[in-house]
Amino acid sequence: MSPINEAADRNAAPLAPGETQKLKFYQKGTHTVGNRLVDVDDRAVQSSLDRSNALTCGHRACQGCGEALGARYALDAAMRATGGNLIAVNATGCLEVFTTPYPETSWQLPWLHSLFGNAAAVATGVAAAMRVKGRSNVRVIAQGGDGGTTDIGFQCLSGMFERNDDVLYICYDNEGYMNTGVQRSSATPPAARTATTPAVGDEPGNVFGTGKSVPRIAVAHRIPYVATATVADLHDLERKVVKAMSIRGARYIQIDVPCPLGWGSASHDTIRLARLAVETGFYPIFEAEHGKVTAARKIRKRTPVVEYLKPQKRFAHLFKGGVEDPRVARLQAMCDANIEEYGLVDHHDDDV
Amino acid sequence: MEHPFAITLDVGTSKANHTGSWRNERPVYVHRLPPCNHACPAGEDIQGWLSFAESGDYEAAWRALTENNPLPAIMGRVCYHPCEGACNRAAIDAAVGINSVERFLGDQAIAQGWAFAPPAQESGKRVLVVGAGPSGLSAAYHLRRFGHAVTIREAGPLPGGMMRFGIPKYRLPRDVLDAEVKRIADMGVRIEYDAKVENIRDAMTEGGFDAAFLAVGAHIAKRAYIPAGEAAKVLDAVQVLRSMEGEDKPLLGRRVVVYGGGNTAIDVARTAKRLGAEEAVIVYRRTRDKMPAHDFEVEEALEEGVMMKWLSTIKNVESGSITVEKMALDDKGFPQPTGEYETLEADSVVLALGQDVDLSLLDGVPGLVVENGVVKVGPNMMTGAPGVFAGGDMVPSERTVTVAVGHGKKAARHIDAWLRGATYDPAPKHELASFDKLNTWYYGEAPKTVRPVLEIARRKSTFEEVVAGLDETNALFEARRCLSCGNCFECDNCYGVCPDNAVIKLGPGKGFEFNYDYCKGCGLCGAECPCGAIRMVPETI
Ligand SMILES: Cc1cc2nc3c(=O)[nH]c(=O)nc-3n(C[C@H](O)[C@H](O)[C@H](O)COP(=O)(O)OP(=O)(O)OC[C@H]3O[C@@H](n4cnc5c(N)ncnc54)[C@H](O)[C@@H]3O)c2cc1C
Ligand SMILES: Cc1ncc(C[n+]2csc(CCOP(=O)(O)OP(=O)(O)O)c2C)c(N)n1
Ligand code: SF4
Ligand SMILES: [Mg+2]
């Protein structure tokens, strides 16, 4: 820590008699990627000149792709945590397709692709191979979209969890089969319009009461580490990846990655939507170890769910003709239930 | 291509694919005008100097500040800080305490003995400055920096103008004033005291001056006709405050009535209290919210026991008492007499009804125009007489130290150009960095540091300074609350959030560049830039 930082950390502000004030040091840049005023170690991996750019430029993801962003965030953090001893195994999906149209690749780490549904199994194999070769310092990440994870890849994933294979599985959750034209997956939220849940009929969009939460299912496997994360909170995401890489055995991280094309949102809104998903309680961000939820990321500014829904065309039918569909209230109730379940809002105010 | 087993593609080969061709909008780094800078009458680059202060480099901060204003320790005490009124941070929690950081820097400079560098080269031109108030001092400082030989002629025995003979000590200690004036003199500015300029034309010809800057202020107290008995004691505010600087303190008595509603009235009433008056009553013809005095000053005066009599005019002054008439505001907000009278005890009455300019030195100057008792100047601060410039209280404008300092700087720039036979064209102003240009998510919550205030009891009886300064820890804290509106503070957000690695980080102090070969124009960098330093502009095809 620099002398300035130490000085300011002393909390020595003289105040009017009887006055108390908590001194928060990093007023500017508390939440930014970097900060010229803090130690290099306290800045995000993404702020450094020598980040590995595991997923580099020239890829063919859409403008403002949350998945491209999330993948670079996660893999660069893992690259730093493992000293570059990392192999990635990718399921079929956007991330695979937009990075590797033959004869190009955007990957700057060893990277394998096999099938849509078998990434977890292939990664298990790679980890076993490394162990057999006496190179267990080389770590393995499996990654895929929500379709490849929650649906077709689910059996392989559950097997990997159950055997506690030494793999970190990262699911980039854009809430649909985006690569093949935005079909519904078991991670698509209720009421969302997709190609297979069109905005027609009495209750347009995806139905309520279906779908599944793979993070919760992963917790139920009692694996060493499970976390959800978001491209809207880089520091939290990087910390979780680093933590995951410090653990051996099966680990699962699911990252909320907005998809401008599939969600019908503006390309510059990708991070804002991810942020709103957290701030509304729509996408709870938490951590669990060995079957128990250990931490949840608190909401900073609690926001009604409509603010999250409105910028997305996949929910446009909920506000058609200026009338709010009663199902908005059901979505709000879902958020409220998340807030309750994970304790996302502090009832005492300790942030001022 | 030869590849090892199972390897089909080369690392990073996608770089051959220039996805920048997809773009229909491009991000560009811009500078926008921070609202504080925009509001500063002295034209300070507040955001600029705060950015040095927040890294703990106070000398660099002070040097950046004094590029525009040579009097930060004074300013940090008496400026009414319109910057804070405009500060974007107010919409998040509370405005940045700019004024207190400025004072901290000014005090630091005095303590450390930081000095101004004399000009590298002499221009050979001579400029006369009339009046050593803030406006004259500011002009002299800037003119000297341009290399001109500057002489200030001051009618009084000491420098500072109304900063010394108006503003009381408990708001501006005189050692602070002296230190900042000395620093300007040390640059080679010649200051002549007790040297009233009687006629500007003669003074210029006799002294061989190429140009002049007039800043004589407004010192003639305005009078109102009030019938007064022979033994009645009626004084004017300027006279009272001026005599505070001399050997013989004014004798005001136990019960002092001050007539007027401006800052001067407040200063006189607070001074009377400190001189031992049991009662100091301000009589004003309108209501508190209509008072020209600043609310915080009214508040401080009330705390010290100064009393206020709103909606009242003085009708008559006798020895020991006055008669006031109650007023009522009409529907236009003007006070109208009610015919109700009241008697108040008063040993003296001090009139604080404003000041006029003594224009006698301008008699017979051709081309010079006087309107409403003040001297008309053009946008370049030049009067109708070529080579004669003017600023501060004597020209039509708001009458504050800060405005006076700003006039001095502006005039100096135009005088410098005029002396070279050129014109000074200020750079066009950047677009305003209004609140909607910011992404405030990225700023942590932080309340404004409360400036410690001397205990009320001590304040009432002494002329010690009322508001104390910040120390290093809280000055740093306060500086770091700045949002850096409109100007990159190297938070790395753009570099981090670009899904296409299309932002090149150039290293500390150098900022960033876009790599348009790969930028797809998604606009995420612009949307997530906390301080509004990136603008998206349509691509032309
Ligand atoms: C009681 C009081 C309190 C105030 N408080 C504040 C405050 O808190 N904050 C703030 O911003 N403003 C305040 N002001 C206003 C502020 O002081 C003035 O606006 C400012 O000083 C004007 O600066 P100036 O240089 O134009 O004139 P002045 O400060 O008036 O200086 C003019 C100088 O010229 C000299 N002079 C005059 N005629 C001649 C001549 N013929 N030859 C040579 N020299 C001459 C005078 O002696 C004087 O020194 C206050 C004013 C008063 C009266
Ligand atoms: C067995 C099999 N079925 C179908 C496909 C076609 N397919 C390729 S990618 C994809 C959708 C991928 O969705 P998801 O896993 O959510 O990733 P995203 O593209 O949304 O990132 C599908 C259906 C396939 N490649 N293999
Ligand atoms: S975030 Fe990257 S791709 Fe998007 S506009 Fe900015 S530089 Fe271009
Ligand atoms: Mg998907």
Side-chain angles (χ1 to χ4, degrees), chain A residues 4 7-8 10-17 19 21 23-37 43-44 46-47 49 53 56-66 68-69 72 99-100 102-108 112 234 260 266-272 275 351-352, chain B residues 6 8-19 22-23 54-56 441-447 449-450 452-453 455 471-474 476-477 480-484 489-493 495-502 505 507-508 515 517-518 520-524 526-528 530 536:
Chain A
I4 299 167
R10 271 189 278 118
N11 270 22
L15 296 163
E19 192 132 6
Q21 178 186 297
L23 193 118
K24 238 198 190 155
F25 185 52
Y26 304 124
Q27 300 90 341
K28 181 193 278 185
T30 311
H31 308 275
T32 50
V33 171
N35 183 341
R36 68 184 177 104
L37 303 174
R43 306 180 200 171
Q46 285 303 312
S47 74
L49 279 169
N53 284 328
T56 195
C57 26
H59 64 70
R60 291 153 195 253
C62 302
Q63 294 159 316
C65 174
L69 192 57
R72 195 188 73 227
T99 54
T100 52
Y102 190 81
E104 295 163 9
T105 174
S106 313
W107 296 105
Q108 309 210 83
L112 277 84
L234 176 63
S267 59
H268 62 252
D269 272 344
T270 296
I271 293 177
R272 182 168 80 101
R275 189 155 57 229
D351 199 35
V352 180
Chain B
T8 50
L9 304 176
D10 289 316
V11 169
T13 38
S14 64
K15 286 179 184 160
N17 187 25
H18 284 185
T19 52
W22 304 10
R23 186 177 61 232
E54 70 198 29
S55 60
W441 170 261
Y442 291 99
Y443 301 106
E445 293 77 6
T449 305
V450 182
V453 177
E455 283 165 42
D471 69 7
E472 181 179 338
T473 31
N474 49 19
L476 188 70
F477 174 88
R480 287 182 174 186
R481 294 182 60 239
C482 168
L483 309 177
S484 195
F489 62 98
E490 294 183 52
C491 73
D492 296 324
N493 262 17
Y495 179 62
V497 304
C498 175
D500 290 277
N501 291 349
K505 176 167 167 159
N515 184 345
D517 282 349
Y518 300 108
K520 292 171 185 161
C522 69
L524 267 176
E528 300 304 320
M536 297 303 292

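Throughout, protein chains are lettered first and strands after them, A, B, ... in sequence-line order, and every chain is numbered starting at 1.
Using a 4.5 Å heavy-atom cutoff, the side chains of Lys520(B) and Arg60(A) are not in contact. Residues Leu9(B) and Glu104(A) form no side-chain contact, since every pair of their non-hydrogen atoms from C-beta on lies 4.5 Å or further apart. In this structure, Arg36(A) and Pro508(B) have side chains that are not in contact, with every pair of non-hydrogen atoms separated by 4.5 Å or more.
With chain B as the partner, the residue from Arg272(A), Gln46(A), Arg43(A) showing the most heavy-atom pairs under 4.5 Å is Gln46(A). Interface check for chain B: of the options Cys65(A), Ala68(A), Ala61(A), the most heavy-atom pairs under 4.5 Å are formed by Ala61(A). Looking only at heavy-atom pairs under 4.5 Å with chain A, the residue among Ala527(B), Ala16(B), Gly507(B), Gly496(B) that has the most is Gly496(B).
The distance from atom CG of Asp500(B) to atom CZ of Arg72(A), rounded to the nearest 0.5 Å, is 8.5 Å. Separating the CD atom in Glu528(B) from the OG1 atom in Thr270(A) is a distance of 9.0 Å, to the nearest 0.5 Å.
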So Ser55(B) and Leu37(A), side chain to side chain contact (heavy atoms under 4.5 Å, CB included) or not? Walk me through it.
CA-CA 6 Å; Ser55(B) 60; Leu37(A) 303 174; 3.9 Å; yes
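At a 4.5 Å heavy-atom cutoff, the contact between Thr19(B) and chain A is made by side-chain atoms alone. Using a 4.5 Å cut-off between heavy atoms, Leu49(A) touches chain B through backbone and side chain atoms alike.
His268(A) approaches Leu524(B) most closely through the heavy-atom pair O-CD2, 3.5 Å. Looking at every heavy atom in both residues, Ser267(A) comes nearest to Cys522(B) through OG-O, 2.8 Å. Closest approach of Thr32(A) and Pro530(B) over heavy atoms only: CG2-CG, 3.8 Å. Across all their heavy atoms, Arg23(B) and Gln63(A) have their closest contact at CA-NE2, 4.4 Å. Asn501(B) and Thr56(A) get closest at one heavy-atom pair: ND2-CA, 3.3 Å. Nearest heavy atoms, Tyr102(A) versus Thr8(B): CE1-O, 4.5 Å.
Remark: the backbone N or O of Cys57(A) is paired with a side-chain donor or acceptor of Ser14(B) at under 3.5 angstrom. With hydrogens and angles ignored, the 3.5 Å screen pairs no side-chain donor or acceptor of Thr105(A) with any backbone N or O of Thr13(B).
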